[in-house]
Amino acid sequence: MRLTLTRHENGVETAAGNRVVYDLGRDEAHAGAASVAGRALVWELHGDDPTGALLSAEVELDPAVEWLMRCDRVDFPPGGVAYTHTHPGPGIRCLLHGAIRVDAGGASHEYGPLEAWFESGPEPVFAAASATEETAFVRVLLLPAEWEGKRTIRYVDPADAERPKTQRATVYLERPVRT
């Protein structure tokens with residue numbers, strides 16, 4: 001399966017299916033069939049790699065497991081960090097505003113507004129937001145259904161779980177993946 005993210009500058013109308021549509025102007029997410037008049041981001045889980053994808057990643061979903069798609073937004077104050085952590089499933093993130101440095105797999109990448117990146121889930125990641133401005137990204141994660149309604153971040157160093165958190169996640173929607 002492929003998880004893809006496409007950007008639509010002049011609106012989009014989608015059919016039902018394994019997709020999340022994020023309305024950039026209204027800061028709201030919709031599952032499956034949706035219509036957005038302005039700028040939008042669309043995540044889709046499907047079998048092919050569509051032309052014009054902002055980002056596309058191969059994901060392996062165990063067919064014996066029930067899966068869900070979660071769309072949420074993560075906000076950081078200036079200088080905020082997400083200590084080295086993992087998640088129970090893969091996902092594509094897209095920066096809404098600010099700047100962020102993501103360290104994973106021995107590499108460091110900086111992202112600006114409307115740039116996207118993929119995280120595998122089990123690979124440890126450290127993120128540092130802009131030192132001077134608020135930063136936010138929206139993401140769609142693929143998670144085993146047992147994670148519905150639960151916080152997914154797991155810190156590599158248990159001591160980090162006790163440190164004050166600067167980031168705040170807001171869940172927009174969770175829905176089962178239809179196979």
request  = With side chain to side chain contact (heavy atoms under 4.5 Å, CB included) as the test, would you mind laying out the steps for His46 and Thr4 before giving the verdict?
outcome  = CA-CA 8 Å; His46 48 85; Thr4 62; 3.0 Å; yes
What is the minimum heavy-atom distance between [X] and [Y], and which atoms define it?
{"X": "Gly98", "Y": "Thr135", "result": "CA-OG1, 3.6 Å"}
{"X": "Leu24", "Y": "Ala40", "result": "CD1-N, 4.0 Å"}
{"X": "Lys165", "Y": "Ala161", "result": "NZ-O, 3.0 Å"}
{"X": "Gln167", "Y": "Ala82", "result": "NE2-CB, 4.0 Å"}
{"X": "Pro78", "Y": "Thr132", "result": "CB-C, 3.9 Å"}
{"X": "Leu95", "Y": "Phe137", "result": "CA-CB, 3.8 Å"}

inquiry  = Given Tyr22, which partner from the list Leu96, Val140, Val36, Leu173 fulfils the side-chain contact (heavy atoms from CB on, under 4.5 Å) test?
reply    =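 Among Leu96, Val140, Val36, Leu173, the one meeting side-chain contact (heavy atoms from CB on, under 4.5 Å) with Tyr22 is Leu96.
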request  = State whether a side-chain donor-acceptor pair under 3.5 Å links Arg2 with Ser56.
outcome  =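 Yes, because at least one side-chain N or O of Arg2 sits under 3.5 Å from a partner of the opposite role on Ser56.
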task = Using distance alone, with no hydrogens and no angle criterion, decide if Glu119 and Trp117 have a side-chain donor and acceptor under 3.5 Å apart.
result =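 Distance-only check passes for Glu119 and Trp117.
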message = Can you confirm whether more than 12 heavy atoms, excluding those of Glu134, are under 6.0 Å from its CD atom?
response =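 Open.
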message = Taking atom CG as the centre, does Asn10 end up with more than 12 heavy-atom neighbours from other residues, nucleotides or ligands that are less than 6.0 angstrom away?
response =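 No, the 6.0 Å shell around CG holds no more than 12 heavy atoms from other groups.
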Should [X] and [Y] count as side-chain neighbours, where that means a heavy-atom distance under 4.5 Å?
{"X": "His87", "Y": "Ile153", "answer": "yes"}
{"X": "His8", "Y": "Val42", "answer": "yes"}
{"X": "Glu115", "Y": "Pro113", "answer": "no"}
{"X": "Cys94", "Y": "Leu5", "answer": "yes"}
{"X": "Pro124", "Y": "Val156", "answer": "yes"}
{"X": "Phe126", "Y": "Val81", "answer": "yes"}
{"X": "Trp43", "Y": "Thr6", "answer": "no"}
{"X": "Val125", "Y": "His85", "answer": "yes"}

Val138 vs Leu41, side chain to side chain contact (heavy atoms under 4.5 Å, CB included): CA-CA, chis, key distance, verdict = CA-CA 10 Å; Val138 64; Leu41 299 169; 3.9 Å; yes
Quick one: pull up [atom1] in [X] and [atom2] in [Y] and give me the separation to the nearest 0.5 Å.
{"X": "Tyr83", "Y": "Glu162", "atom1": "OH", "atom2": "CD", "answer": "12.0 Å"}
{"X": "Leu45", "Y": "Met1", "atom1": "CG", "atom2": "CE", "answer": "3.5 Å"}
{"X": "Glu58", "Y": "Ser120", "atom1": "CD", "atom2": "OG", "answer": "13.5 Å"}
{"X": "Arg139", "Y": "Arg93", "atom1": "CZ", "atom2": "CZ", "answer": "5.0 Å"}
{"X": "Asp75", "Y": "Thr170", "atom1": "CG", "atom2": "OG1", "answer": "6.0 Å"}

Same cluster (ILVMFWY, side-chain, under 4.5 Å), [X] and [Y]:
{"X": "Leu3", "Y": "Leu54", "answer": "yes"}
{"X": "Val65", "Y": "Val177", "answer": "yes"}
{"X": "Leu114", "Y": "Tyr172", "answer": "yes"}
{"X": "Trp67", "Y": "Val20", "answer": "yes"}
{"X": "Ile92", "Y": "Met69", "answer": "yes"}

task = Compute both the distance and the angle, then confirm whether Arg168 meets the cation-pi test with Phe76: under 6.0 Å from the six-membered ring centre, within 45 degrees of the axis.
result =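 No.
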Using 4.0 Å as the upper bound for N to carboxylate O, is an ion pair formed by [Y] and [X]?
{"X": "Glu174", "Y": "Arg70", "result": "yes"}
{"X": "Arg7", "Y": "Glu9", "result": "yes"}
{"X": "Asp27", "Y": "Arg73", "result": "yes"}

ask   = Stepwise, does the side chain to side chain contact (heavy atoms under 4.5 Å, CB included) test hold for Phe118 with Leu55?
value = CA-CA 8 Å; Phe118 174 77; Leu55 187 61; 4.1 Å; yes
inquiry  = Using modelled atom types and a 3.5 Å cut-off, is there a donor and acceptor pairing between side-chain atoms of Thr86 and backbone atoms of Glu123?
reply    =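 No; judged by distance alone, with no hydrogens or angles, the pair does not exist.
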Heavy-atom donor-acceptor pair, Thr14 side chain to Gly32 backbone, under 3.5 Å =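 Confirmed, Thr14 side chain pairs with Gly32 backbone.
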ask   = Yes or no on side chain to side chain contact (heavy atoms under 4.5 Å, CB included) for Val102 and Tyr111, after CA distance, side-chain angles and deciding distance?
value = CA-CA 8 Å; Val102 177; Tyr111 298 95; 4.0 Å; yes
